[in-house]
Amino acid sequence: MQENSKLQLFENQLIRTAWDEDGEEWYFSIVDVVAVLTESKNPTAY
C-alpha cells in the first residue's frame, strides 16, 4: 500500500490523512476527528 500523507483542515483544526493509491481511499486519523468533534483535550480517552 502506497500512502501519501496530508493534513486536512476541518473547523480550523488539522486532521491527519493518508491516501491509499491501490484502494483509492482516504484514511483519517480517528484521534484527530474525535478531538475536533468533541473539543476534548484528551481525545485518546474516547
Side-chain angles (χ1 to χ4, degrees):
M1 177 166 88
Q2 296 174 339
E3 292 183 331
N4 183 11
S5 299
K6 286 187 162 188
L7 293 175
Q8 302 287 334
L9 275 176
F10 180 77
E11 299 283 326
N12 293 324
Q13 294 187 23
L14 294 176
I15 296 179
R16 293 171 288 177
T17 62
W19 172 250
D20 174 17
E21 289 186 25
D22 295 333
E24 296 183 356
E25 296 179 315
W26 280 104
Y27 290 92
F28 298 88
S29 168
I30 296 300
V31 173
D32 293 350
V33 172
V34 168
V36 170
L37 296 177
T38 63
E39 298 178 3
S40 173
K41 293 185 183 196
N42 187 11
T44 58
Y46 284 86

All N/O donor-acceptor pairs, side-chain side in residues 8-15, below 3.5 Å, sequence neighbours left out:
none

Fill in: Cluster link Trp19 to Val33, ILVMFWY, side chain under 4.5 Å
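Yes; tracing contacts between hydrophobic side chains, which count when under 4.5 Å, links both residues.
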Item to complete: Please list, chain by chain and in numerical order, all residues satisfying side-chain hydrogen bond (donor to acceptor under 3.5 Å, both in side chains) with Asn42, sequence neighbours excluded.
Response: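 Scan of Asn42 (side-chain hydrogen bond (donor to acceptor under 3.5 Å, both in side chains), adjacent residues dropped) gives Thr44.
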Worksheet item: Does Val34 sit in a hydrophobic cluster with other residues, and if so which ones, taking ILVMFWY side chains as linked at heavy-atom separations under 4.5 Å, directly or through other members?
Response: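 Grouped by the 4.5 Å side-chain rule, Ile30, Tyr46 form the rest of the cluster around Val34.
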